[in-house]
Asks: 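One structure, pasted below without further comment.
Values below: all heavy atoms of this structure, side chains included; hydrogens, waters and symmetry mates excluded. For reference, positions follow the sequence shown, starting with 1.
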Amino acid sequence: MRIGDLVQATGVNRRLLRYYEEQGLLHPVRLANGYREYAESDVVAVRAIRALLAAGLPTAVIATFLHCVHDQDEPVVPRACPTVISHLRQERARITETISRLETSQRELDALLEAALR
């Protein structure tokens with residue numbers, strides 16, 4: 001399928017699909033005329049990429065286990081794929097730390113605001 005077909009099938013715009021290719025997440029075949037030719041499996045891959053990005057995972061991490069996603073009937077991240085659990089735990093810890101820092105900043109801002117309103 002061509003890039004326009006993949007856009008239709010996934011709802012993801014061309015620019016993002018090209019970005020995913022630049023990041024090594026998609027590997028379309030290049031035809032003699034320079035057009036990209038995508039497989040049905042790329043539809044599944046794009047959906048998985050979107051779900052993993054929504055969970056806060058960076059593309060570099062997604063690239064390490066995207067090959068584990070095979071079809072629409074499996075979970076987005078199959079347990080059998082090595083490194084998946086450790087990457088997910090690392091990303092969760094990173095997000096937890098970020099939330100903690102933001103909550104501290106919020107408390108400090110609240111204190112400044114309260115002092116300013118006195």
Side-chain angles (χ1 to χ4, degrees):
M1 77 179 74
R2 300 274 170 78
I3 195 166
D5 300 323
L6 190 56
V7 167
Q8 286 291 97
T10 63
V12 174
N13 69 46
R14 292 170 192 257
R15 187 171 166 206
L16 274 177
L17 294 174
R18 289 185 187 114
Y19 173 74
Y20 298 160
E21 182 181 353
E22 289 171 12
Q23 297 301 303
L25 301 174
L26 294 178
H27 306 282
V29 173
R30 285 293 189 142
L31 302 177
N33 60 7
Y35 289 3
R36 293 167 174 88
E37 185 71 27
Y38 294 92
E40 277 301 317
S41 60
D42 290 322
V43 173
V44 175
V46 170
R47 289 182 181 144
I49 292 165
R50 300 300 299 159
L52 294 166
L53 287 170
L57 296 168
T59 56
V61 171
I62 294 169
T64 64
F65 57 79
L66 186 61
H67 65 279
C68 294
V69 178
H70 298 290
D71 65 48
Q72 296 168 334
D73 296 330
E74 292 182 12
V76 171
V77 182
R79 286 182 286 176
C81 188
T83 76
V84 171
I85 301 298
S86 64
H87 279 302
L88 293 177
R89 285 184 175 147
Q90 287 171 358
E91 289 307 311
R92 188 177 191 294
R94 183 186 63 78
I95 289 170
T96 300
E97 175 61 30
T98 300
I99 290 169
S100 178
R101 283 195 314 271
L102 288 170
E103 287 173 339
T104 299
S105 295
Q106 184 180 36
R107 284 191 299 274
E108 293 295 325
L109 284 170
D110 288 345
L112 290 171
L113 186 59
E114 183 180 323
L117 292 173
R118 283 188 201 151

Asks: Quick one: pull up CZ in Arg47 and CD1 in Ile49 and give me the separation to the nearest 0.5 Å.
Replies: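 The CD1 atom of Ile49 is 12.0 Å from CZ of Arg47, to the nearest 0.5 Å.
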
Asks: Does the side chain of Thr104 come under 3.5 Å of the side chain of Arg107 through a donor N or O and an acceptor N or O?
Replies: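 Yes.
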
Asks: Not counting sequence neighbours, list each pair that qualifies as a side-chain hydrogen bond (donor to acceptor under 3.5 Å, both in side chains) and has a residue in residues 108-118.
Replies: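 Only Glu114-Arg118 qualify under side-chain hydrogen bond (donor to acceptor under 3.5 Å, both in side chains).
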
Asks: Tell me every residue that passes salt bridge (Lys or Arg N to Asp or Glu O under 4.0 Å) with Arg92, counting only those two or more places apart in sequence or in another chain.
Replies: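 Not a single residue meets the salt bridge (Lys or Arg N to Asp or Glu O under 4.0 Å) criterion with Arg92.
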
Asks: Side-chain atoms of residues 8-19: list all donor-acceptor pairs with protein atoms under 3.5 Å, sequence neighbours left out, distances to 0.1 Å.
Replies:
from  : atom 1 : to    : atom 2 : distance (Å)
Thr10 : OG1    : Leu6  : O      : 2.7
Thr10 : OG1    : Val12 : N      : 3.2
Asn13 : OD1    : Arg15 : N      : 3.1
Asn13 : OD1    : Leu16 : N      : 2.8

Asks: Hey, could you give me the CZ/CD1 distance between Arg50 and Ile62, rounded to the nearest 0.5 Å?
Replies: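 The CZ atom of Arg50 sits 9.5 Å away from the CD1 atom of Ile62.
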
Asks: Measure the spacing between CG of Leu66 and OH of Tyr20 and express it to the nearest 0.5 Å.
Replies: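 The CG atom of Leu66 sits 11.0 Å away from the OH atom of Tyr20.
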
Asks: Please table the atom pairs, donor to acceptor, closer than 3.5 Å between any side-chain atom in residues 24-39 and protein atoms at least two apart or in another chain.
Replies:
from  : atom 1 : to    : atom 2 : distance (Å)
His27 : NE2    : Gly24 : O      : 3.0
Arg30 : NH1    : Gly34 : O      : 2.6
Asn33 : OD1    : Tyr35 : N      : 3.0
Arg36 : NE     : Glu21 : OE1    : 2.5
Glu37 : OE2    : Met1  : N      : 2.7

Asks: Between atom OG1 of Thr64 and atom CG of Leu57, what is the distance when rounded to the nearest 0.5 Å?
Replies: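 With rounding to 0.5 Å, OG1 (Thr64) is 9.0 Å from CG (Leu57).
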
Asks: Counting only heavy atoms not in Gln23, do more than 12 sit closer than 6.0 Å to its CD atom?
Replies: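 Above 12, so yes.
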
Asks: If the condition is salt bridge (Lys or Arg N to Asp or Glu O under 4.0 Å), which residues does Glu97 pass it with, not counting sequence neighbours?
Replies: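 Glu97: salt bridge (Lys or Arg N to Asp or Glu O under 4.0 Å) contacts with Arg101.
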
Asks: To which residues is Leu113 joined in a hydrophobic cluster, defined by side-chain heavy-atom contacts under 4.5 Å among Ile, Leu, Val, Met, Phe, Trp and Tyr, whether direct or through other members?
Replies: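 Cluster partners of Leu113: Leu117.
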
Asks: What's the spacing between Ile99 CD1 and Arg94 CZ if we round to 0.5 Å?
Replies: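 The distance works out to 10.0 Å.
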
